[in-house]
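All values below come from the heavy atoms of this structure, side chains included, with hydrogens, waters and symmetry mates left out. The shown structure was predicted, so the numbers you read here are calculated from the model rather than taken from an experiment. We're numbering straight along the sequence, starting at 1.
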Amino acid sequence: MQFKADLPAAVDVVVIGGGVIGISAALYLAEQGVHVLVCEKGRVAGEQSSRNWGWVRQTGRDAAELPIMIESRRIWQTMASRTGEECLSFNECGVLYLADREATLAGFHEFVELAANHGLVSRVISAKEIAARLPLANHKWIGGLLTESDGRVEPWYAVPAMARAAQGAGAIIKESCAVRDILSTNGLVSGVVTEHGVVKADQVLLAGGAWSSLLARQCNVRLPQLSVKATVARIENTSELLTGNVWDDKLGIARRLDGGYSMALTDFQECFIGPDSFRYFKPFLQAAIATRSDNHFSLASPNAYPDAWSTPRRWSADEISPFERCRVLDPMADTCVVARMIDRLKTRFDGCNNASASHAWAGMIDAMPDFVPVLDQSPGLPGLFIATGFSGHGFGIGPAAGRVMADMIQGKPCAYELGRFRLNRFNDGSRLCLGPH
């Protein structure tokens, strides 16, 4: 463990979750003189914040997310100098989306118009330009969407480095410190119960990723969130395929700083069936239909996972919680998925006959019914703020989302329209509008 601070008796704000959102919020709060404690049940960035592709991607964002993401990219650009951590260097290598179908290409043109409205340069490129950029490609795409200002940061190192910066600014960060319950007095947040004791606080930020819904339920806040498993692999023994990041509707590829490539299937996610699958069936129905060809269902979550049949939905604050029984959500990589991505790589690029996976890993992605996160204060429990459900695109937007939450917690005006991210959209009869997926 890197972060072993003593538990304080009281702070201004408790952040639950040491992922990119929670750490970013803590960094901003600490820099502004707020007394903040981050409680992480396992280790900082132990789950999805270190298991993603590392993309800092403006391309293909939801319209409400895009201005926040543009700010986030600017923050990533300065993070290395701001923290003194070279591992936070931003690699502006671009993101290229590729289209096989006219409908996909039409969507690219729509995004170019949206991007232009926000001063972002993103353009549709031809099959000829794709061939020039990807000389080893043997797959014929009809066009692409290129945002050259997009880039990548190494996720393995990024969030712990930001946590060290937050600690240097005065934040208290404690790993292996699960929050068992959120306390309230007269209908207002008054603190948290951790496995090591009680901490008084008037404000709590729940940024627990795939675990957020389970803890929210403990304090009677309905948060319709599920999680899906995705497998990623480091591929080596290939020719020089590309220098940046490429996505099409079958495969995603990111060039790593160590010379290999991080790869994942873009049309495969494993969904574990559990009690919340039925509890939130109605809000997720539209999303399930839209992604039906990509979803592959397993009858039960592994034991101790957030939505496992054996995971308690209620517990006493003086007993071991589900968050202590599973310190780090570490699903097994799917070897069949890895084999499939290597096969697809060989059909798309020459020079990959000897391609192999040096290692593979998996993560559980916190997903919302409309693929858009919650950034809000709980209407039913003032003082409880929620930032979760980034649906596989939280790493890149993390710094700016953390800043949004830090401002919201302090009651500062926000530069963005946040109505799209309100929690009550799932409960007030609003028609859900699916974001990019």
Side-chain angles (χ1 to χ4, degrees), residues 19-21 47-49 51-53 55-70 72 95 97 103-104 107-108 110-111 114-115 145 207-210 212-213 216 222-230 247-249 252 264-272 276-277 279-297 306-307 363-376 386-398 400-401 404 416-428 430-437:
V20 66
I21 310 299
E47 297 187 357
Q48 192 58 22
S49 287
R51 297 163 186 259
N52 59 85
W53 302 357
W55 284 14
V56 178
R57 171 183 62 82
Q58 301 157 107
T59 310
R61 289 279 176 176
D62 183 84
E65 281 188 354
L66 184 57
I68 304 174
M69 184 59 228
I70 291 172
S72 200
V95 167
Y97 275 27
T104 304
F108 291 173
E110 290 177 5
F111 181 79
L114 171 65
L145 174 64
S212 295
S213 182
R222 184 177 184 271
L223 178 62
Q225 175 183 291
L226 299 175
S227 54
V228 297
K229 173 184 166 183
W247 174 98
D248 76 359
D249 60 3
L265 301 183
T266 56
D267 64 344
F268 185 98
Q269 56 193 18
E270 188 171 5
C271 307
F272 296 114
D276 286 349
S277 304
R279 181 174 292 113
Y280 301 134
F281 175 80
K282 185 176 180 180
F284 271 94
L285 180 59
Q286 185 181 355
I289 293 171
T291 60
R292 59 189 177 277
S293 62
D294 301 341
N295 296 327
H296 301 265
F297 294 95
D307 195 28
M364 297 300 295
I365 298 171
D366 46 315
M368 301 308 294
D370 53 4
F371 310 112
V372 173
V374 170
L375 301 171
D376 200 5
I386 300 172
T388 194
F390 285 80
S391 304
H393 48 261
F395 178 77
I397 203 172
V404 165
Y416 309 109
E417 171 53 54
L418 299 179
R420 177 89 160 112
F421 310 111
R422 71 190 192 285
L423 175 59
N424 257 357
R425 69 186 190 267
F426 305 114
N427 308 315
D428 62 5
S430 300
R431 182 181 180 274
L432 292 187
C433 178
L434 299 186
H437 54 277

Compare every heavy atom of [Y] with every heavy atom of [X], then report the nearest pair and how far apart it is.
X: Ile365; Y: Ala230; value: CD1-CB, 3.8 Å
X: Gly398; Y: Ser72; value: N-OG, 3.9 Å
X: Gly435; Y: His437; value: O-ND1, 2.9 Å
X: Arg51; Y: Gly363; value: CD-CA, 4.0 Å
X: Pro369; Y: Ala287; value: O-CB, 3.2 Å
X: Ala210; Y: Met364; value: CB-O, 4.3 Å

Quiz question: by atom type and distance under 3.5 Å, do the side chains of [X] and [Y] form a donor-acceptor pair?
X: Ser212; Y: Gln225; value: no
X: Gln48; Y: Asp366; value: no
X: Arg422; Y: Ser430; value: yes

Step-by-step side chain to side chain contact (heavy atoms under 4.5 Å, CB included) determination, Ile397 to Arg57:
CA-CA 8 Å; Ile397 203 172; Arg57 171 183 62 82; over 6 Å; no

Is it the case that the side chain of [X] and the backbone of [Y] share a donor-acceptor pair, with hydrogens and angles ignored and the cut-off at 3.5 Å?
X: Asp267; Y: Asp294; value: no
X: Asn52; Y: Ser49; value: yes
X: Arg61; Y: His393; value: yes
X: Ser391; Y: Gly389; value: yes
X: Arg425; Y: Arg420; value: yes
X: Asp307; Y: Asp276; value: yes
X: Thr266; Y: Asp248; value: yes

Would you sort out whether Phe421 and Glu65 count as a side chain to side chain contact (heavy atoms under 4.5 Å, CB included), showing the intermediate values?
CA-CA 9 Å; Phe421 310 111; Glu65 281 188 354; 3.9 Å; yes

Report the relative orientation of the aromatic rings in Phe268 and His296; use parallel for angles under 30°, tilted for 30 to 60°, perpendicular for over 60°.
parallel

Is there a side chain to side chain contact (heavy atoms under 4.5 Å, CB included) between Tyr97 and Thr59? Walk through the geometry before answering.
CA-CA 8 Å; Tyr97 275 27; Thr59 310; 4.0 Å; yes

Close side-chain approach of [X] to [Y], heavy-atom, < 4.5 Å:
X: Phe390; Y: Phe395; answer: no
X: Phe272; Y: Ser227; answer: no
X: Gln58; Y: Leu66; answer: yes

Would you give the length of the straight line joining atom [atom1] of [X] to atom [atom2] of [Y], rounded to the nearest 0.5 angstrom?
X: Ser213; Y: Tyr280; atom1: OG; atom2: OH; result: 3.5 Å
X: Gln269; Y: Phe297; atom1: CD; atom2: CZ; result: 8.5 Å
X: Glu110; Y: Leu145; atom1: CD; atom2: CG; result: 11.5 Å
X: Leu375; Y: Ile68; atom1: CG; atom2: CD1; result: 6.0 Å
X: Ile289; Y: Arg292; atom1: CD1; atom2: CZ; result: 7.0 Å

Show the numbers, then the answer: is there a side chain to side chain contact (heavy atoms under 4.5 Å, CB included) between Val404 and Leu418?
CA-CA 9 Å; Val404 165; Leu418 299 179; 3.9 Å; yes

